[in-house]
Amino acid sequence: MPNNHDVTHICHAAEDDKNIGHPLLDGLNAVQREAVLHHEGPLLIFAGAGSGKTRVLTHRIAYLIAERGIAPWNIFAVTFTNKAAKEMKERLGKLVSERRAKAIWAGTFHSTSARLLREFGENIDVPRNFLIYDDSDQLHLIRDSLRELNIDEQKFAPRAFLAHISESKEKMVSPAAWTAPKGGQFYGHFRSVYILYQEKLRQNSALDFDDLLSETVRLLETCPHVLKTLQDRFQYILVDEYQDVNYAQYRMLSLLAKKRRNICVVGDDDQSIYLFRGADVGLILKFEEDYPDALILKLEQNYRSTQNILEAAYSVVSQNSKRKEKKLWTENPQGGLIVIHEAANEKEEAHWLLQRILDEVRYKDRKLSDFAILYRTNAQSRALEDMFRNFVTPYKIVGGMRFYERREVKDVLAYMRLVHTPTDSVSLKRIINVPARSIGATSIKAIEDSARASGVSMWEALQQTHSIPGLLPRARLRLNDFALMIRKLQEEKDHLRVTELLQHILDSTGYLDALELDKSIEGRSRAENVREMFSVTQEFEKQNELPTLTSFLEQISLVADIDSLDVDTEAVTMMTLHSSKGLEFPVVIIAGMEQNLFPHVRSHGNPYEMEEEYRLCYVGITRAKEELFLTHTSRRTMFGMLSNSSPSEFLKHIPRHLYNPPRGKSTRTEKRALSSFDPDEPDQDQVFQWHESPKVPANVSNEAEKPVFTVGDKVKHPVFGKGVILSTEGIGVNSSAKIAFANQDIKNILLEYTKLDKMP
DNA sequence: GATGCTTACGTTTTT
DNA sequence: CGTAAGCATC
């Protein structure tokens with residue numbers, strides 16, 4: 001089986017179309033063509049996983065431009081991630097021209113909203129230099145609000161307020177319109193917290209993620225001239241992943257599409273996985289009501305996966321009651337069996353799947369980049385990463401501890417934000433004493449109180465330290481120095497490129513110098529991360545025609561983890577199931593298929609959330625093109641506590657004939673289980689039975705020519721150089737050795753995959 | 001005001 | 001287990 005067949009090669013076009021021969025319709029099936037050719041009026045496309053919807057969307061846009069003479073700047077394409085927008089433009093560049101592809105409006109709801117508010121926000125008193133507050137910024141504001149309102153943080157979790165505020169905004173419920181549900185002190189406090197939080201956002205010239213959407217809706221609703229301008233601008237609207245749209249986004253679309261009604265939405269109710277973020281599957285099902293004249297198309301032919309994989313996916317998602325019945329079909333081969341594997345614990349799980357991957361690379365000519373490991377929670381990546389690092393196998397990870405969430409990066413960004421938007425007191429408070437300039441909590445409190453008393457921002461209060469009561473003379477001096485430094489940077493900001501500004505900030509604050517004094521490992525990596533910021537700004541300046549500070553900060557606030565995933569790197573990809581939406585891989589491994597983990601324990605007892613877990617599983621399975629591995633453990637350590645785990649209920653819905661036979665409890669297995677690394681030998685034999693490629697018996701092949709190593713042997717590793725064997729483990733393919741290298745590193749090396757020379 | 005120690009607490013999923 | 005916030009001490 002070819003490793004990276006493109007869908008284009010196995011698409012078969014219907015023969016009977018009058019437009020046959022048009023390059024934009026080439027290789028499309030009949031339904032896909034209809035979607036491309038549909039001219040004016042609403043269009044709803046149910047597009048199953050792997051049914052070529054991105055192709056349909058890009059070809060449809062290309063057709064509008066090339067054949068119908070629609071100006072690219074009159075087309076608005078909403079994608080789910082920035083990455084998807086970028087890819088769409090790249091593909092369009094090849095279909096029409098790069099210049100025209102660049103001119104279309106493509107982006108996420110959030111980035112488009114930010115752009116519109118930057119352009120028109122002044123109509124509704126959104127300042128031009130607004131910042132976008134992320135989760136942790138929001139929490140700061142909530143905490144401040146709770147303190148101000150004398151609400152006990154211990155009794156009422158700040159997160160709970162934030163979640164409920166977010167929910168309210170998604171549904172476009174203002175503090176005034178909000179009505180308290182019955183009972184509970186929480187709701188008694190809620191309105192005042194909501195109001196104060198909103199007030200603080202305004203004072204800081206900041207919008208949160210939800211504001212981007214709700215303020216845009218408010219803009220469209222309250223300013224008819226803006227609405228008209230935008231209705232004329234966005235003559236053709238195309239929306240991807242419509243099943244994950246929330247109410248505010250829905251309102252925004254309705255307003256924009258009202259005049260011309262050229263709205264084309266694509267989605268799949270089986271792939272709705274953002275309920276927690278306000279996504280409402282009901283909206284895609286309501287589209288027909290909203291637009292009774294809509295053309296409705298269904299893309300049900302799958303070009304991605306084998307029949308076995310599709311059947312497994314269907315067997316899971318069809319358990320749900322609230323879904324539009326549909327079943328994908330494919331002309332693809334049946335494919336090999338799915339492999340379900342139980343490991344003793346998360347370490348062994350990681351070890352097993354790493355081995356599987358290396359086996360396939362070795363015997364089936366796979367590349368590391370053919371593999372994706374998916375999991376339910378980010379925390380699961382730790383065991384995987386440890387194992388990959390130990391065995392020196394390249395991997396790339398989406399999410400987890402994000403670059404922009406690191407303390408040092410946030411600090412540097414806070415300086416940039418403060419220079420850009422002085423009213424941003426969250427940033428100000430963050431860095432006013434970083435690096436330490438002897439400005440302590442008492443002084444900060446004094447500024448805050450004084451600012452509140454006179455109704456100005458902290459930054460404004462700082463300009464007149466003499467009128468702040470309770471400041472010691474020395475503190476006053478320090479504060480003046482700080483204010484002067486920031487003012488200088490503010491004066492420069494418009495004449496400098498972002499990279500230069502970053503340099504000036506580091507120079508005048510001494511931030512990097514302070515970090516470099518710390519010689520510890522963390523200290524070094526912090527300094528490294530700050531220097532990495534220069535790559536970020538330089539890359540930004542290269543990629544953007546108008547690389548302003550405003551757009552830099554905006555882009556950083558709105559990047560998704562997935563946006564920076566580099567598909568070209570030769571490495572295994574690891575990410576959450578959520579992040580994997582829209583992607584595909586020849587081989588997919590879903591790890592942690594356990595009850596209470598996936599489906600997640602928090603979804604138990606909530607039928608809506610349980611159905612979402614099933615959809616999430618469906619999304620995960622349908623990422624796979626050729627092979628699927630599902631692993632679970634019998635015991636897993638969570639929160640530092642070891643607990644028993646049982647196989648996920650998803651597994652029992654997969655028909656027996658689709659996966660590998662259960663491994664027999666042979667004495668061999670039991671013996672093996674006693675040895676240190678559970679190599680799970682019988683299972684491995686079965687794995688290879690269903691491969692078409694000739695199997696090289698793994699544990700026989702090289703054993704003869706491989707030297708045997710014992711503790712104390714001196715060896716030479718092709719990458720790490722000279723070392724000494726500290727200990728050995730495992731048998732055959734699984735044998736590994738702990739080796740101490742000359743550079744002090746101690747690593748576990750899988751002997752099977754490393755050319756290790758014995759030295760005299 | 002800085003530093004170091006203790007404790008409490010948490011993990012869904014993300015624009 | 002690992003982190004972050006909180007407290008006591010210098």
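Quick note: numbers below take in every heavy atom, side chains included, and nothing from hydrogens, waters or symmetry partners. The chains referred to below are lettered A, B, ... by the order of the sequence lines, with proteins before strands, and numbering in each begins at 1.
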Can you check the [X] [atom1] to [N] [atom2] distance for me, whole Å?
X         : N       : atom1 : atom2 : value
Leu213(A) : dT14(B) : CG    : C1'   : 13 Å
Gln249(A) : dT14(B) : CD    : P     : 16 Å
Glu613(A) : dT12(B) : CD    : C1'   : 8 Å
Leu162(A) : dT14(B) : CG    : C1'   : 13 Å
His578(A) : dT12(B) : NE2   : P     : 12 Å

Next on the checklist: Can you tell me if Phe276(A) is stacked onto the base of dT13(B), using a 5.5 Å centroid cut-off and an angle below 30°?
Outcome noted: yes
Checklist entry - Would His600(A) pass as stacked on dT12(B), i.e. its ring centre under 5.5 Å from the base's six-membered ring centre and planes under 30° apart? => result yes
Item to check | Centroid-centroid distance, Phe276(A) to His578(A), less than 6.0 Å | outcome: yes
Checklist entry - When you check the side-chain N and O atoms of Asp424(A) and Tyr133(A), is any donor under 3.5 Å from an acceptor? => result yes
Item to check | Stepwise salt bridge (charged side-chain N to carboxylate O under 4.0 Å, His left out) check, Lys171(A) with Glu167(A) | outcome: CA-CA 6 Å; Lys171(A) 296 188 177 135; Glu167(A) 197 184 316; 3.3 Å; yes
Next on the checklist: I'd like the C1' distance from dT11(B) over to dG6(C), given in whole Å.
Outcome noted: 22 Å
Next on the checklist: Any base atoms under 4.0 Å from Phe109(A), or only sugar-phosphate, or nothing? Heavy atoms, all strands.
Outcome noted: nothing
Checklist entry - Is the distance from OP1 or OP2 of dC1(C) to the nearest side-chain N or O of Thr637(A) less than 4.0 Å? => result no
Checklist entry - Is any side-chain nitrogen or oxygen of Thr442(A) closer than 4.0 Å to OP1 or OP2 of dG1(B)? => result yes
Next on the checklist: Can you tell me which residue among Asp211(A), Asn246(A), Asp210(A) is in a side-chain hydrogen bond (donor to acceptor under 3.5 Å, both in side chains) with Lys169(A)?
Outcome noted: Asp211(A)
